[in-house]
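Inspection log for the structure reproduced underneath, given as structure tokens.
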Amino acid sequence: MLTLKFIQENKETVIDRLKVKNMDATTLVMKVIDLDNLRKSTQNQLDNTLAEINNISRQIGILMKNGQAAEAGQVRQKTTELKERSKELGISINETEKELNNVLVLLPNLPHSSVPTGKGAEDNEIIREGGVIPQLGDASFPHWDLAKKYNIIDFELGNKLTGSGFPVYIGKGAKLQRALISFFLDEASKAGFVEVMPPLMVNEDSGFGTGQLPDKEGQMYHVGLDNFYLIPTAEVPVTNIYRDVILESSSFPVKNTAYTPCFRREAGSYGKDVRGLNRLHQFDKVEIVVIEHPDRSYDTLELMVDHVERLVKKLGLPYRIVKLCGGDMSFTSALTYDFEVFAAGQQKWLEVSSVSNFESFQANRLKLRFRDENDKKTKLAHTLNGSALALPRIVAALLENFQTPDGIRIPECLVPYSGFDMID
RNA sequence: GGAGAAAUGGCAGAGCGGUCGAAUGCGGCGGUCUUGAAAACCGUUGUCCGGGUAACUGGACCGGGGGUUCGAAUCCCUCUUUCUCCGCCA
């Protein structure tokens, strides 16, 4: 959520920048400004009325103390009208604030100045590529065939237990999951991220804090009886650790990593790219989250990209890093790099990580601030996060790229974790 | 799940209807003293929304929401959380 102050002071910039996200925000911005001005003037009236009431009450207090009950009764008369008025103003200000918030929440984050304009994935900018795409020849299979052949992932069994998009990992398939999780967590720890293990369900406040609510409500599984949401990513509970927190600037950067399962309803995405592991309702992911000083958040974003790049390199997967164009970026992000790995069985690039700087957009919702060393004032921090990494598509690429006639070769870096070097 | 108790500033803890944003202690920050440090002493110490170039100033906040009252941290209702006891249980 953008701050009111920023919108008031930079309305042209806001409208201009949001064009990069293919949005004409003119009406919304004007509405925000109007409502905010109304809010301010109403607040002013209310404050003045309350000040008067406070004043009278104080007088009555003094009179009562002096035993002048009759005089106190007289003064009391004056308050009826004022009370009425303050009540009305209170209601009106509530309505205005509600309306203001409803509009404010519709404004996406401003894209960073380096974000290319564009409509969709085809306009993204390839930043770097690495690794070698394996030439498998004719006898190459997509991972869903390999999973069946070696009996390591059973999609149909998942259908029986739950529904589509909930696979069952078996034997070496299950161990490979565990190996990847441990590998990713250890790498994150080595890079200075503090491991946390958060709850997998969150309340409404947390869902709002990171921006999933209200606009992505339908994408989360909702536990109605207790009004909890299953987390779509560890970003939600981990970032919300810092909700309503004022940090000292000496504590920057705050770096956390967490492994969690992620639950996504993926409503509306049926049909396309959903085979096998490509799109699941439940999957495992290791996330990295950083809270950083505004002056350094973009340097930190690069460091996070470097970290993820090291991971895909160690796994030996062909990859490319793309900078998302305005049209392909998420609502909350100011700058996003996606990592894609090539899955040779499907001959497809699969997105395995998304690393973003949200600047103060989430922090404003979270009320996540820090005390500036120079002027001692509280300011909004910057939040960043990235997948490091999401498992299913990594597994898909590993299975497909490292398939051999004798079985599937496990990358060296994983062998200490898996305990085997071949799936056969 | 049942019965009871509680929730106050960074922490501890007073206040139980009238200048209470809130005593006191600890901690933090600044200063005096000291070669330096400690101790001692003095001062200072929350967040948010407004007005004002500023000094300063109005308002809100004592777990959340609502109510009673001229006036609520204090009374009432409700929700949440914590603690104690009982029950159930991985």
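Throughout, a chain's letter reflects where its sequence line sits, starting with A, and its residues are numbered from 1. Values in this document were obtained by computation on a predicted structure and should not be read as measured data. Any value given below was found using the heavy atoms of this structure, including those in side chains, with hydrogens, waters and symmetry copies removed.
In this structure, a donor-acceptor pair under 3.5 Å is absent between the side chains of A:Arg275 and A:Asn278. Judged purely by distance below 3.5 Å, without hydrogens or angles, the side chains of A:Glu359 and A:Asn109 never pair a donor atom with an acceptor atom.
Atoms CD (A:Glu248) and P (B:G27) sit 18 Å apart, rounded to a whole Å. If you measure from atom CG of A:Leu368 to atom C1' of B:U47, you get 15 Å, rounded to the nearest angstrom. One can place CZ of A:Arg371 at 9 Å from P of B:G46, the figure rounded to the nearest angstrom. If you measure from atom CD of A:Glu84 to atom P of B:U69, you get 12 Å, rounded to the nearest angstrom. A:Ile246 places its CD1 atom 14 Å from the P atom of B:G9, with the value rounded to the nearest Å. For A:Ile62 and B:G17, the CD1 to P distance is 20 Å, given to the nearest whole Å. Rounded to an integer number of Å, the gap from CG of A:Leu82 to C1' of B:G71 is 13 Å. Rounding to whole angstrom units, CD of residue A:Glu204 and P of B:G65 are separated by 15 Å.
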Quick tally for nucleotides 49-59 of chain B: nucleotides whose base has a protein heavy atom under 4.0 Å get B, sugar-phosphate-only ones S, the rest -, giving SS-------BS

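Taking atom C1' in both B:A12 and B:U53, the straight-line distance is 43 Å, to the nearest Å. Using atom P as the reference point in both B:A39 and B:C26, the two lie 11 Å apart (nearest Å). Annotation: B:C70 and B:G30 have their P atoms spaced 49 Å apart (nearest Å). Across B:C20 and B:C29, the matching C1' atoms stand 25 Å from one another, rounded to whole Å. Spacing between B:A14 and B:G51 at atom C1', rounded to whole Å, works out to 36 Å. With P as the reference atom, B:U32 and B:A73 are 40 Å apart, rounded to whole Å. Rounded to the nearest Å, the gap between the C1' atom of B:G10 and that of B:G28 is 8 Å. Nucleotides B:U81 and B:C42 place their C1' atoms 42 Å apart, quoted to the nearest Å.
Look at B:G63: its Watson-Crick or wobble partner, with both distances under 3.5 angstrom, is B:C79. As the counterpart of B:G9, no nucleotide is assigned, since no Watson-Crick or G-U wobble pattern has both distances under 3.5 Å. B:A3: Watson-Crick or G-U partner is B:U84, with both key distances under 3.5 Å. Across all strands shown, nothing is found opposite B:A73 as a Watson-Crick or G-U wobble partner with both distances under 3.5 Å. With a 3.5 Å ceiling on both atom-pair distances, B:G17 lacks any Watson-Crick or G-U wobble partner. Nucleotide B:C89 has no partner under the Watson-Crick or G-U criteria, as no pair reaches both atom distances under 3.5 Å. Base-pair partner of B:A23: not found among the strands shown (Watson-Crick or G-U wobble, both distances under 3.5 Å). Pair assignment for B:U44 gives B:G28, based on Watson-Crick or G-U wobble hydrogen-bonding distances that are each under 3.5 Å.
When each of A:Arg76 and A:Met64 is assigned the nucleotide of RNA chain B with its nearest heavy atom, A:Met64 is the one assigned upstream, toward the 5' end.
Across A:Phe193, A:Phe339, A:Phe184, a single residue satisfies ring pair (Phe, Tyr, Trp, His ring centres under 6.0 Å) together with A:His307, and that is A:Phe193.
Here the OG-CD distance, from A:Ser251 to A:Glu292, works out to 10.0 Å after rounding to the nearest 0.5 Å.
What you find for A:Leu110 and A:Phe6 is that their closest heavy atoms are CD1-CE2, 3.6 Å. Looking at every heavy atom in both residues, A:Gln43 comes nearest to A:Ile93 through OE1-CD1, 3.1 Å. Across A:Pro253 and A:Val290, no two heavy atoms sit closer than the pair CB-CG1, 4.0 Å.
Taking 4.0 angstrom as the limit, A:Thr378 places a side-chain polar atom (N or O) nearer than this to OP1 or OP2 of B:C48. Between A:Lys83 and B:G71 there is a side-chain N or O to OP1 or OP2 distance below 4.0 Å.
Across B:G18, B:C48, B:G71, the shortest atom-to-atom separation from the side chain of A:Arg369 is found for B:C48.
When atom types are taken as modelled, the side chain of A:Thr257 and the backbone of A:Glu287 share a donor-acceptor pair closer than 3.5 angstrom.
Across all strands, A:Ser57 comes closer than 4.0 Å to base atoms (heavy-atom distances).
The shortest distance between side-chain heavy atoms of A:Leu200 and A:Pro261 falls below 4.5 Å.
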